[in-house]
Enquirer: 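I'd like to ask some things about the structure below.
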Number of protein chains: 2
Amino acid sequence: MALADERGLGAVSMRSVAELVGVTPMALYPHVGSKAALLDGMVGRLLGQLVAEPGPTAPDPPAAPWRERLGTLARGVRQMAVRHPWAAGLLFSRPAVASGSMRTVDLIFAALLEAGIPPAEVPRLERMVSSFILGHVASEAGGRFGPLTQDLRDERYRHRGQELPAHARLDDVLETTVDWDAEFEANLDDLALMIEAVADRARG
Amino acid sequence: MALADERGLGAVSMRSVAELVGVTPMALYPHVGSKAALLDGMVGRLLGQLVAEPGPTAPDPPAAPWRERLGTLARGVRQMAVRHPWAAGLLFSRPAVASGSMRTVDLIFAALLEAGIPPAEVPRLERMVSSFILGHVASEAGGRFGPLTQDLRDERYRHRGQELPAHARLDDVLETTVDWDAEFEANLDDLALMIEAVADRARG
DNA sequence: ACCTGAACACCGTTCAAGT
DNA sequence: ACCTGAACACCGTTCAAGT
């Protein structure tokens, strides 16, 4: 994990890890099984830290309102991706039902139940909420949300009229710089809005 | 792309591509620049197909209601990930403002404007909507949504009481099998619900 | 029980040389 | 202008051998 944090996931090889540990590459195999298992273990450890208490992102007391608890968890995931950008992409290939993820899933389940989502809809909404959080966080960590280079800005401006009609209607708005912390908070607000709307629909 | 579809992204190497083309690996470099540029080109081509007309996922006429157009686009992205699972993960590391993505972004912009989202909030909501769609689609393609092996089912059942209290309240619901097509449609419905709620809030 | 060394079948990319 | 061949510095993993 130190290797991935400092030099990127590409710098993590059985050979580099072995050197760091002071051992021959093949000595790792009885311990970690394979490189895939090593990466799996890294993600698992991170997920464990996420819901561990005490820790950098200790969960709110269970008594806190569901909106608060969901926010704290989401911020924890985002912080994890900031500190360990290599992890964001790996999370999509790790079953959400795996050991390390179950606690996280349970926290979202509890929040949704408290919000008034009918049990039958809770698993689907958990997947929806977690997909959004991971999608946002992977977009930030992976670079999907930026940067807008001058070349791309020029290209956008050229095609504004015909091929990008909606862009043309947003000319000034698209020039403002984005506060990503504020955007994440606003998204969490709207996610809560959706959860409430789904709960209302269920109440009839 | 044929190589990635048939044997996975791992089978795509400069050497394997060169062999397929009937040329030496080094002969590719003047044409594609580097392997990173090759992967970038693959994603760009896919995004181009997504909004091309005519094509496998031709967009609705601009006259169709925004909810319809958003659904068609989202289904197109999902279908793309089904046909080309290797692409899902790559999309997070490709700037959403890159050439190939701009048309897709514009379609979402237009839908949100028509839904009544105030211009100042449209870019943020576009990122939110696309993050959810990509997050969902990458979860399906990457394997995050399954499978629940017997081992994991057992472990979940063991920890049900204390560590996973919300799981315990969902015992029966968690045993039902999921229709992923229906789930995606339900998620799109709830996404539209959120968009309407945000528009309503803006209307005061 | 745990580790080493050599080997196999791969990578992306450079460089100089060919036609 | 376009391609080849050899080489460099890497990979994950196997196998047999050591202590």
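Numbers restart at 1 for each chain; the letters A, B, ... are given by sequence-line order, proteins then strands.
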Enquirer: What residues, two or more places apart in sequence or in another chain, satisfy side chain to side chain contact (heavy atoms under 4.5 Å, CB included) together with A:Val82?
Expert: none

Enquirer: Name all residues meeting the side-chain hydrogen bond (donor to acceptor under 3.5 Å, both in side chains) criterion together with B:Asp172; count only those two or more places apart in sequence or in a different chain, and write none if there are none.
Expert: none

Enquirer: With sequence neighbours left out, which residue pairs that include part of residues 1-26 of chain A fulfil the side-chain hydrogen bond (donor to acceptor under 3.5 Å, both in side chains) condition?
Expert: A:Asp5-A:His84, A:Asp5-A:Trp86, A:Ser13-A:Ser16

Enquirer: May I have the step-by-step check of side-chain contact (heavy atoms from CB on, under 4.5 Å) for A:Leu193 and B:Val198, ending in yes or no?
Expert: CA-CA 8 Å; A:Leu193 203 65; B:Val198 173; 4.0 Å; yes

Enquirer: What pairs with A:Asp40 under side-chain hydrogen bond (donor to acceptor under 3.5 Å, both in side chains), at least two apart in sequence or on another chain?
Expert: A:Arg94

Enquirer: Which stems, defined as runs of 3 or more consecutive Watson-Crick or G-U wobble pairs with both pairing distances under 3.5 Å, involve DNA chain C?
Expert: C:4-8 with D:12-16, C:12-16 with D:4-8

Enquirer: For nucleotides 16-19 of chain C, list the nitrogen or oxygen atoms of the protein found under 3.5 Å from its nitrogen or oxygen atoms, one pair per line.
Expert:
none

Enquirer: Not counting sequence neighbours, list each pair that qualifies as a salt bridge (charged side-chain N to carboxylate O under 4.0 Å, His left out) and has a residue in residues 184-199 of chain B.
Expert: A:Arg124-B:Asp190, A:Arg201-B:Asp190, B:Arg67-B:Asp189, B:Arg75-B:Glu185

Enquirer: Can you name the residues that form a side chain to side chain contact (heavy atoms under 4.5 Å, CB included) with B:Tyr157, not counting sequence neighbours?
Expert: B:Arg160

Enquirer: Any carboxylate oxygen within less than 4.0 angstrom of a Lys/Arg side-chain nitrogen, looking at B:Arg127 and A:Glu140?
Expert: no

Enquirer: What residues, two or more places apart in sequence or in another chain, satisfy side chain to side chain contact (heavy atoms under 4.5 Å, CB included) together with B:Ser131?
Expert: A:Phe132, A:His136, A:Ser139, A:Arg144, A:Phe145

Enquirer: C:dA9 and D:dC10: how far apart are their P atoms, nearest whole angstrom?
Expert: 22 Å

Enquirer: Using a 4.0 Å cut-off on heavy atoms, which residues in residues 26-40 of chain B reach DNA chain D? List them by number, or say none.
Expert: B:Met26, B:Ala27, B:His31

Enquirer: Going by the rule side-chain hydrogen bond (donor to acceptor under 3.5 Å, both in side chains), which residues pair with B:Gln162 if we only count those two or more places apart in sequence or in a different chain?
Expert: none

Enquirer: Round to the nearest Å and state the distance from A:Arg15 atom CZ to D:dC10 atom C1'.
Expert: 8 Å

Enquirer: Treating B:Asp106 as the side-chain partner and A:His167 as the backbone partner, does any N or O pair qualify as donor plus acceptor under 3.5 Å?
Expert: yes

Enquirer: What parts of residues 17-25 of chain A reach DNA chain C, counting only heavy atoms under 4.0 Å away?
Expert: A:Val23, A:Thr24

Enquirer: Please determine if B:Arg153 and B:Glu175 form a salt bridge, counting it only when a charged side-chain N lies under 4.0 Å from a carboxylate O.
Expert: yes

